[in-house]
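Everything below concerns the one structure shown next.
Starting from 1, each residue takes its place in the sequence as its number. Note: hydrogens, waters and symmetry copies are ignored here, and every other heavy atom, side chains too, is used.
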Amino acid sequence: MNILVVDDQRSARAVLHQILSGLADVSVFEAESLERAQSALVTQPIDMMLLDIRLSEDPTDRGGLELLRWARAQGHKTPAVMITSATEIAHIREAMRSGAQDYVLKDELSPEMLLPIVESIRERLNLRGEVARLRQKVQGGWGTDAIIGRSMALEQVRKLIERMAASDAPVLIRGETGTGKELVARAIHETSSRCYERFLALNCSALPGTLVESMIFGHERGAFTGAERRVRGHLELAGGGTLLLDEIAEMAIELQAKLLRVLEERKFQPLGSEESVPLRARVLASSHADLERRIAQGTFREDLFYRLNVLCIQVPPLRDRMEDFPDLLQAFLAQQTRSLHFSEDAIRWFQDRPWPGNVRELKNAIERLATVSEKDEIDLETVRNFVGLPGAFASIEVSKMARAILALPARRGSKLDVIELAVFQHAMEACEGNKSAAARLVGLDRKSFERRLGRLSDPNLESVDPDKD
């Protein structure tokens, strides 16, 4: 459980820290100002807040109340307990109306007064989480039931998940981009005895190497420039739950060595710390890459591969299980805020498509149609205008677009640059901003993709719609 203590006085924070140290499985984060507290709520999974109403020497300051209102406006439902003086009863009432759960007077602050309140809130949080999990399970969005489809390929995946859930060994989940590797990892977690603990996922390709290391292992205050406080890494935050290291092949080779040691010794050291922390979580990894080829190229450690590959699941691409298409289409349509209907021609168009982005691309296509289509009845013309090219007609349509581009009036910049930028932007949209996945979609490595996208992202470069003559 993570508790954020917000008080401008160091001595007051120290007293609260000492009282809370008597609780098991509790980590205390501190903030001395409104800005630091807001940053903590954004960057850390905070379960409870202890707030001083006044966060400065200014007698009119009501920083604690401002933080509470800001948190509620941002959608944070984090329980809050106000720590204040007896002279601020009117502000306590205002805090309770703003969503605070309880309060403690500073004159009465003691373990006997504070700890029962904290434990009561923790029990309610645990009960709320259990109710939510049970509701999700009853509604069919739990474990292997969350994986949509009835094909033989998916049935094999479900059987593997159920067998692997009983083990604590690492699992390597392999499959193309967009096939649902994280969904499989969640199903393993939710089917296992760890289901009441946390599931955390960290995308190793979405962050710089130095930041990934800090996110995995955590760091102590002063471990590096800008490390102003202790931050727990995902290995620690996962507790006794499950940690998924997504796109493990993109992890720096030096960091791979550290991860291998963690998996072998079942303990780790946060950056800047001399103390080891026991590893309680189960570690899963996923990748779209050809890991055997990466090993041959020297960019992925062979010993780490064998350590992760104790158990392995290969998630099939959508093109190999098109019999699941009707179920997927129905599920994604049910998630939209409007009722859409597809003509038979439109459905056949969807089924003929190769779907290089797999299930994720299909889901994005449905969401795009629900947003931009003016008609509830989705016909062939609509999907061809708003989704893209079916594989069977690709060469014809590409030729048509090429002629349309050449017919455009002269403009500043190369016409090829304009259309290349459009392709790159659509790739980023299809891959939800993941540059590595977008680079693969257009057939480039990530560095080349970033370099060309940077060159093309010129505010003076005009956009072009190749479908317009």
N/O donor-acceptor pair under 3.5 Å between Asn358 side chain and Leu318 backbone: yes

Pair Glu182 + Arg186: basic N to acidic O under 4.0 Å: yes

Cationic N near anionic O, under 4.0 Å, Asp246 to Lys181: no

Residues Arg353, Glu361: salt bridge by 4.0 Å N-O rule: yes

Results of ring pair (Phe, Tyr, Trp, His ring centres under 6.0 Å) for Phe224 - residues two or more places apart only: His219

Partner set under ring pair (Phe, Tyr, Trp, His ring centres under 6.0 Å) for Phe332, not counting sequence neighbours: none

Side-chain touch Ser286/Leu245, heavy atoms, less than 4.5 angstrom: no

His288 versus Arg440, side-chain donor and acceptor atoms under 3.5 Å: yes

salt_bridge(Arg446, Glu450) N-O dist < 4.0 Å: yes

Results of side chain to side chain contact (heavy atoms under 4.5 Å, CB included) for Ala296 - residues two or more places apart only: none

Backbone of Leu34 reached by a side-chain donor or acceptor of Trp70 within 3.5 Å: no

Check: Lys267 side chain, Val262 main-chain N or O, donor-acceptor pair, under 3.5 Å: no

Salt-bridge present (Glu250, Arg294; N to O < 4.0 Å): yes

Salt bridge present between Glu220 and Arg232 (N-O < 4.0 angstrom): no

Test item: Arg174 side-chain N/O and Cys312 main-chain N/O as donor-acceptor pair under 3.5 Å: no

Ser343-Asp345 side chain donor-acceptor pair, cut-off 3.5 Å: no

Nearest-0.5 Å distance that lies between atom CG in Leu304 and atom CG in Leu263: 6.5 Å

Donor-acceptor pair between Thr242 and Arg282 side chains, under 3.5 angstrom: no

Identified side-chain hydrogen bond (donor to acceptor under 3.5 Å, both in side chains) partner of Arg158 from the options Gln156, Glu155, Glu162: Glu155

Closest heavy-atom pair and its distance - Leu4, Ala37: CD2-O, 4.0 Å

